[in-house]
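This is the structure, below, for whatever I ask next.
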Amino acid sequence: MVKILAFAGSGRKDSVNKKVVAIAAKGAQEAGAEVTIINLEDFVMPIFNEDLEAEQGMPVAAQAFKELLINHDGFLISSPEYNSSYSGLFKNAIDWASRRTGDEAPMAAYRGKVAAIMAASPGGLGGMRVLVVLRMLMENLGTMVLPNQKAVSGAFAMFDGDGNISDEKTEKALKALGKELVDTLTKLKG
Ligand SMILES: Cc1cc2nc3c(=O)[nH]c(=O)nc-3n(C[C@H](O)[C@H](O)[C@H](O)COP(=O)(O)O)c2cc1C
């Protein structure tokens, strides 16, 4: 069975990116995947510093996040757009997980994986600009990124407090992206 890790680049309690990624995750589950949804905020790790790494090794939470990446075939990622880029929370976790420990293959968390990327913003562009750099980052790490992606604009008005979405077209597109990731991984796994 295809295993997918789903997470948002925001730890905010009421994060619209968490809501967006949950809908794509539902699409992936309906397509037959086993989906693990995590909250990056639960993985408390210091800002990456090579001195700290040399002195103390990899923080427990960073190792746990890296192992989750390693143990899943693909990723559903929805990122907030902070000043046209991804959040520090997201990039810090990605940096820690790029570090090798034990007898792991280099970049084991990223190489050979497939990702579908999304963004959500209250603004009119829906985080379109972060998708450009997020795609570049993931591809450079060795993760294939699906050509299809989704930027959700006006996202604050689209969800209620429970994460229910009012826009049917967006819901369909997000679920379809989740399904596309499952279909692609199923083909790749043979
Ligand atoms: C430091 C900072 C920079 C931001 N820059 C952008 C931006 O460049 N483009 C944008 O659409 N929204 C920007 N925003 C607004 C975010 O889209 C908004 O806070 C959004 O709710 C974050 O996603 P979340 O709900 O998943 O936490 C910024 C917010 C912060 C805190």
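First listed ligand is number 1; within each ligand, the first listed atom is number 1.
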Nearest candidate to atom 18 (C) of ligand 1, where distance is taken over non-hydrogen atoms, out of Ser121, Pro122, Pro80: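 Shortest heavy-atom distance from atom 18 (C) of ligand 1: Pro122.
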Identity and distance of the protein heavy atom lying nearest atom 6 (C) of ligand 1: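 Atom 6 (C) of ligand 1 sits closest to the protein heavy atom Glu81 O, 2.8 Å.
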Ile4 CD1 to Ile37 CD1 distance, which is reported to the nearest 0.5 Å: 11.0 Å
Nearest neighbour in protein (non-hydrogen) for atom 25 (O) of ligand 1: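 Result for atom 25 (O) of ligand 1: Arg12 NH2, 2.7 Å.
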Donor-acceptor side-chain pairing of Thr101 and Lys66 below 3.5 angstrom: yes
Nearest-neighbour protein heavy atom for atom 26 (O) of ligand 1, which is reported as residue plus atom name and distance: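 Scanning the protein heavy atoms, the shortest distance from atom 26 (O) of ligand 1 goes to Ser15 OG, 2.5 Å.
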Protein residue, atom and distance nearest to atom 31 (C) of ligand 1, heavy-atom basis: Tyr82 CE1, 3.9 Å
Per atom 3 (C) of ligand 1, closest listed option by heavy atom (Asn83, Val130, Asn17, Leu125):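 Heavy atom nearest to atom 3 (C) of ligand 1 belongs to Asn83.
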Gap between atom CE of Met45 and atom CG of Asp95 - 0.5 Å precision: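 Interatomic distance, Asp95 CG to Met45 CE, rounded to 0.5 Å: 10.5 Å.
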Test item, Lys18 contacting ligand 1 (heavy atom, 4.0 angstrom):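 Not so, Lys18 does not reach ligand 1.
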Any Ile23 side-chain heavy atom under 4.5 Å of Phe159 side chain: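 They are in contact (side-chain heavy atoms under 4.5 Å apart), so the answer is yes.
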Inter-residue atom distance Arg12.CZ - Asn39.CG, 0.5 Å rounding: 12.0 Å
